[in-house]
Amino acid sequence: MSCSNFIFFPNRPMERRNQTSISEFILLGLSSQPEQERLLFFLFLVMYLITMLWNLLIILAIRTDSHLHTPMYFFLTNLSLIDICFTSSTVPKMLVNYLSGNKTITYTRCLTQMFFYLLFGGIDSVILAPMAYDRYVAICAPLHYNMIMSQKVCASLVAVCWCWACIEALIHIVSLTRLSFCGHNEIPHFFCELSVVIRLACSDTLLNDLMIYIVGSLTVVIPFICILISYICIFIAVLKIPSTHGKKKAFNTCGSHLAVVCLFYGTIIEVYFNPTSTHTAQKDTTSAVMYTIVTPMLNPFIYSLRNKDMKRALRLLFSRKPDLSL
């Protein structure tokens with residue numbers, strides 16, 4: 001989901017009803033300078049390809065290594081898949097705009113892009129909570145780990161994440177369809193970001209602002225509280241371990257996930273939980289690049305570089321010889 005959805009905007013005054021309803025928007029992007037656009041195109045193309053490649057490698061390595069068929073890596077597979085879809089909901093359209101010079105997007109395609117952006121962004125936020133719970137069970141109840149984190153339980157937790165994110169996205173899209181757009185159609189962003197599009201409406205947006213504030217906040221606050229509780233319990237349990245080696249080993253089992261959580265929620269807390277008066281279009285666009293492009297690109301590096309099992313699985317994947325007997 002879009003982090004900037006948590007900014008509460010006042011109602012826009014009612015525009016004249018005799019204005020023509022617009023059928024398309026113009027995505028202004030990150031820059032209007034041709035030289036900068038070419039640079040941004042190559043930069044984001046490289047970042048997008050890295051994101052796709054490394055997340056696919058993570059998925060393939062986990063699926064081909066039977067030692068990694070555990071709940072922790074089941075969640076990691078889903079996280080990598082979600083990161084691929086999350087980035088793909090916005091970056092390809094931006095690259096096409098830079099390449100073609102045509103920055104228009106129809107109203108229908110704008111809503112479609114917004115739905116998938118909210119869907120995968122919401123899952124990306126919510127699924128971090130089950131991953132934290134998995135680490136809590138592994139450290140605090142290791143003898144009952146296989147029983148508690150069964151395949152059925154893991155699949156149910158992921159299904160709940162998908163359902164919640166889908167409901168959240170539908171709520172925002174349905175509430176958006178009641179708005180009228182009849183004038184200014186330039187979006188100061190590189191994709192159809194919900195709160196930015198709402199600001200272009202010429203009808204009452206009070207309900208939309210409430211949905212952003214309530215539903216959007218729950219999608220971040222509830223998982224964050226669950227993660228916080230899990231790590232408090234983990235920290236208390238680790239302190240009770242007598243040996244230094246045991247403490248280090250326990251922290252290593254959740255170090256990668258904790259790094260991803262800090263990266264994801266750090267961006268939200270640093271940028272979007274500041275006073276509304278401090279927000280500008282440029283600042284919001286820059287922060288959007290962080291959580292839509294940079295974070296999904298860094299996640300697989302964090303998990304692969306800090307995890308011996310992932311390093312081994314990736315080495316096996318690269319060293320696997322293709323079967324030429326067919």
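The figures here come from the full heavy-atom set of this structure, side chains too, leaving out hydrogens, waters and symmetry mates.
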Working to the nearest 0.5 angstrom, can you tell me the gap between Leu194 CG and His172 NE2? 6.0 Å
Atom CG of Asn55 and atom CG of Leu79: how far apart are they, to the nearest 0.5 Å? 7.5 Å
Are Leu28 and Leu40 joined in one hydrophobic group, where the rule is that I, L, V, M, F, W and Y side chains link up if heavy atoms are under 4.5 Å apart? no
Met310 side chain reached by Ile62 side chain, heavy atoms, under 4.5 Å: yes
Closest approach of Leu179 to Ala201 (non-hydrogen atoms, all atoms of both residues): CD1-CB, 3.9 Å
Side chains of Phe25 and Phe181, heavy atoms from C-beta outward: is any pair under 4.5 Å? yes
Judged by atom type as modelled, is there a donor-acceptor pair below 3.5 Å linking the side chain of Thr205 to the main-chain atoms of Asn208? no
Nearest 0.5 Å, what's the CE-OG1 distance between Met47 and Thr292? 8.5 Å
Please say yes or no: joined through hydrophobic side-chain contacts below 4.5 Å, possibly via intermediate residues, are Val96 and Phe41 part of one cluster? no
Taking the side chain as everything from C-beta on, heavy atoms only, tell me whether Leu111 gets closer than 4.5 Å to Cys192. no
With a 3.5 Å distance limit and no angle check, can you tell me whether Thr295 reaches the backbone of Met290 through a side-chain donor-acceptor pair? yes
When rounded to the nearest 0.5 angstrom, what distance separates CD1 in Ile50 from OG1 in Thr87? 12.0 Å
Taking the side chain as C-beta and beyond, is there a heavy-atom pair between Leu170 and Phe115 under 4.5 Å? yes
Counterpart residues, disulfide (SG to SG under 2.5 Å), relative to Cys85 (two or more places apart): none
Counting only heavy atoms not in Arg109, do more than 12 fall under 6.0 Å of its CZ? no
Would Val160 end up clustered with Ile127 when hydrophobic side chains under 4.5 Å apart are linked, directly or stepwise? no
Aromatic ring pairing Phe120/Trp162, orientation class (parallel under 30°, perpendicular over 60°, tilted between): perpendicular
OG (Ser88) and CE (Met52) are apart, to the nearest 0.5 Å, by 4.5 Å
Got more than 12 heavy atoms from elsewhere within 6.0 Å of OH, Tyr48? yes
Which of Tyr231, Tyr133, Tyr73 passes ring-ring contact (aromatic ring centres under 6.0 Å, His included) with His257? It is Tyr231
Could you tell me whether the side chain of Ser89 and the main chain of Phe86 form a donor-acceptor pair under 3.5 Å? yes
Apply disulfide bond (SG atoms under 2.5 Å apart) to Cys182 and Cys202, showing your working. CA-CA 6 Å; Cys182 51; Cys202 55; 2.0 Å; yes
Write down the atom of Leu314, the atom of Leu57, and the distance for their closest heavy-atom approach. CD2-O, 3.9 Å
Anything under 30° is parallel, anything over 60° is perpendicular, the rest tilted; go ahead and classify His189 against Phe191. perpendicular
Min side-chain heavy-atom separation Phe190-Asn97 under 4.5 Å: no
Among residues at least two apart in sequence or on other chains, which ones pass disulfide (SG to SG under 2.5 Å) with Cys161? none
Under 4.5 Å between side-chain heavy atoms, counting indirect links through other Ile/Leu/Val/Met/Phe/Trp/Tyr residues: same cluster for Trp54 and Val46 or not? yes
Please examine the side chains of Leu128 and Pro223, heavy atoms only from C-beta on, and report whether any two atoms are closer than 4.5 Å. no
So do the side chains of Asp65 and Arg312 get within less than 4.5 Å of each other, counting heavy atoms only? yes
Taking atom NE2 as the centre, does His67 end up with more than 12 heavy-atom neighbours from other residues, nucleotides or ligands that are less than 6.0 angstrom away? no
Tell me if a side-chain donor or acceptor on Ser180 pairs with a main-chain N or O of Ser203 at a distance below 3.5 Å. no
Any side-chain heavy-atom pair of Phe75 and Met149 under 4.5 Å: yes
Determine whether a donor-acceptor pair (N or O, by modelled atom type, separation under 3.5 Å) exists between the side chain of Ser125 and the backbone of Gly122. no
Would you compute the distance between atom CG of Asn299 and atom CD1 of Ile84 and round it to the nearest 0.5 angstrom? 11.5 Å
Is it true that atom CD of Glu24 has more than 12 heavy atoms of other residues, nucleotides or ligands lying nearer than 6.0 Å? yes
Here the salt bridge (Lys or Arg N to Asp or Glu O under 4.0 Å) pairs for residues 37-56, sequence neighbours left out, are Glu37-Lys103
